[in-house]
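We count residues from 1, following the sequence as given. Just the heavy atoms: all of them, side chains too, but no hydrogens, waters or symmetry mates, feed the values below.
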Amino acid sequence: MSHDPPHAIDLAGKLAGFDGHWQPRTVATFNGHDVMVVKVQGEFVWHSHDDTDDLFLVLAGRLRIELPHAVVELGPGQLFVVPRGMRHRPVADEEAHLLLIEPTGTPNTGDPATAALRRTI
């Protein structure tokens, strides 16, 4: 058991500490879930998650989530949950910063063979 004093997690500070897009960093865990920050820019791959919903919370910038028959536009302070099993593609025309929460070990592409490595900061 850790005896470190409790402290707040500075999300902007965590985001400032790395470069690279579409490479989520775990900043905390709770109840078997990773709380992650990620920088995104450009188009991600079309994918789905068979076993879990996919939560996107925009911290800075704008994110477009393309769905088979709709598009959801998000700005700072807005979130969207993609239902499990639904194909989707996140797109950011300019760099955006996101908070993601998902069960630990969830592959970001929906496929463990192509998923980004799990990184903790």
If we only count heavy atoms from C-beta on, is the His47 to Asp54 side-chain gap below 4.5 Å?
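Yes. Closest side-chain heavy atoms under 4.5 Å.
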
Would you mind writing out the side-chain donor-acceptor pairs for residues 35-42 within the sub-3.5 Å range, not counting sequence neighbours?
| unit_1 | atom_1 | unit_2 | atom_2 | d |
| --- | --- | --- | --- | --- |
| Lys39 | NZ | Leu15 | O | 2.9 |
| Lys39 | NZ | Phe18 | O | 2.5 |

Hydrophobic cluster membership, with links at side-chain heavy-atom distances under 4.5 Å among I/L/V/M/F/W/Y: are [X] and [Y] in one?
X     : Y     : result
Val91 : Leu55 : no
Leu99 : Phe30 : yes
Leu57 : Leu11 : yes

For His97, enumerate each residue passing the ring-ring contact (aromatic ring centres under 6.0 Å, His included) test, keeping only those at least two apart in sequence or located in another chain.
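Partners of His97 by the ring-ring contact (aromatic ring centres under 6.0 Å, His included) criterion come out as none, since no residue qualifies.
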
Drop me the distance from Leu59's CG to Lys14's NZ, to the nearest 0.5 angstrom.
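Atom-to-atom, Leu59:CG and Lys14:NZ are 14.0 Å apart.
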
Atom pair CG (Asp34) and OG1 (Thr26), whose distance is rounded to the nearest 0.5 Å:
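Nearest 0.5 Å value for the CG-OG1 distance: 3.5 Å.
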
Please list all pairs passing the salt bridge (charged side-chain N to carboxylate O under 4.0 Å, His left out) test where one or both residues lie in residues 22-33, with sequence neighbours left out.
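The answer is none; no pair qualifies.
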
Pairs in or reaching into residues 65-79: which pass salt bridge (charged side-chain N to carboxylate O under 4.0 Å, His left out), with residues at least two apart or in two chains?
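Listed once each, the pairs are Arg64-Glu66, Glu66-Arg89.
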
If you compare all heavy atoms of Leu98 against all heavy atoms of Val58, which two are closest, and at what distance to 0.1 Å?
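What the structure gives for the nearest pair is CD2-CG2, 3.7 Å.
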
Which class fits the ring pair Phe56 and His88: parallel under 30°, tilted 30 to 60°, perpendicular over 60°?
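Because their plane-to-plane angle is over 60°, the rings of Phe56 and His88 count as perpendicular.
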
Donor-acceptor contacts under 3.5 Å from residues 74-87 side chains, at least two apart:
| unit_1 | atom_1 | unit_2 | atom_2 | d |
| --- | --- | --- | --- | --- |
| Gln78 | OE1 | Gly75 | N | 2.7 |
| Arg84 | NH1 | Asp51 | O | 3.1 |

